[in-house]
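Here's the structure, in structure tokens; my notes come after.
All residue numbers refer to positions in the sequence shown, counting from 1.
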Amino acid sequence: MLPLTLLRAAQNQPMLVELKNGETYNGHLVSCDSWMNICLREVILTSREGDRFWKLPECYIRGNTVKYLRIMDEVIDTVKEDEGKSRSAKAAGAPAAGRGGRGGGRGGAGGPSRGGHGGAPGGRGG
């Protein structure tokens with residue numbers, strides 16, 4: 001289960017975000033992107049010490065400042081079920097992409113590559 005998969009499944013769900021500086025944000029997830037930047041609505045911001053609180057209509061959190069995310073167990077259960085269904089569908093259907101097919105590989109330990117950087121000048125080994 002990938003973190004971004006969980007985040008995308010948690011849209012419109014309540015979540016807690018703790019930042020590396022100790023602040024916590026409780027709100028509903030509006031959106032996220034591939035860098036884990038997060039947009040929340042109806043947010044309660046708690047100071048690092050836990051003694052001050054602010055209510056914000058919405059906020060944007062840069063992904064590299066996030067220490068951890070806490071989402072509802074129901075979201076995790078839903079994602080697990082969806083992954084189980086997709087795995088069983090793949091097992092019943094065609095082989096996984098990129099495996100067991102014909103051609104299309106990127107090469108490997110088959111022989112000299114074009115442009116030959118492995119031998120002596122002139123193409124003769126010595």
Do V75 and L16 land in one hydrophobic cluster if side-chain heavy atoms of ILVMFWY residues count as linked below 4.5 Å? no
Are T65 and K20 close enough that some pair of their side-chain heavy atoms sits under 4.5 Å apart? no
Is it true that, when you exclude D77 itself, more than 12 heavy atoms of the residues, nucleotides or ligands shown sit nearer than 6.0 Å to its CG? yes
Separation between CZ of R52 and CD of E23, rounded to the nearest 0.5 Å: 9.0 Å
Heavy-atom closest pair (L4 atom, S34 atom, distance to 0.1 Å) is CD1-O, 3.7 Å
Please tabulate, for side-chain N and O atoms in residues 53-62, each donor-acceptor pair with protein atoms closer than 3.5 Å (sequence neighbours left out).
from : atom 1 : to  : atom 2 : distance (Å)
Y60  : OH     : N37 : ND2    : 3.2
R62  : NE     : N64 : OD1    : 3.1

Connected to V30, directly or through other members, by ILVMFWY side-chain contacts below 4.5 Å are none
Count the heavy atoms of every other residue, nucleotide or ligand shown that sit under 6.0 Å from CZ of R70, and state whether that count exceeds 12. no
Can you find a heavy atom in the side chain of L29 that is under 4.5 Å from one in the side chain of Q11? yes
T46 and E18: CA distance, side-chain angles, deciding distance, side chain to side chain contact (heavy atoms under 4.5 Å, CB included) verdict: CA-CA 10 Å; T46 306; E18 183 171 333; over 6 Å; no
Ignoring hydrogens, what is the shortest heavy-atom contact between M72 and P14? Give both atom names and the distance. SD-CG, 3.4 Å
Evaluate the side-chain proximity of V79 to T5: yes if any heavy-atom separation is below 4.5 Å, no if none is. yes
Closest non-hydrogen contact found for R48 with N21 is NE-O, 2.8 Å
Below 4.5 Å, heavy atoms only, C-beta onward: do M15 and L40 meet side chain to side chain? yes
Non-hydrogen atoms of L7 and C32 that approach each other most closely: CB-SG, 3.7 Å
V66 and L19 have their tightest heavy-atom pair at CA-CD2, 4.2 Å
Only residue of L69, I76, T78 satisfying side chain to side chain contact (heavy atoms under 4.5 Å, CB included) with L6 is I76
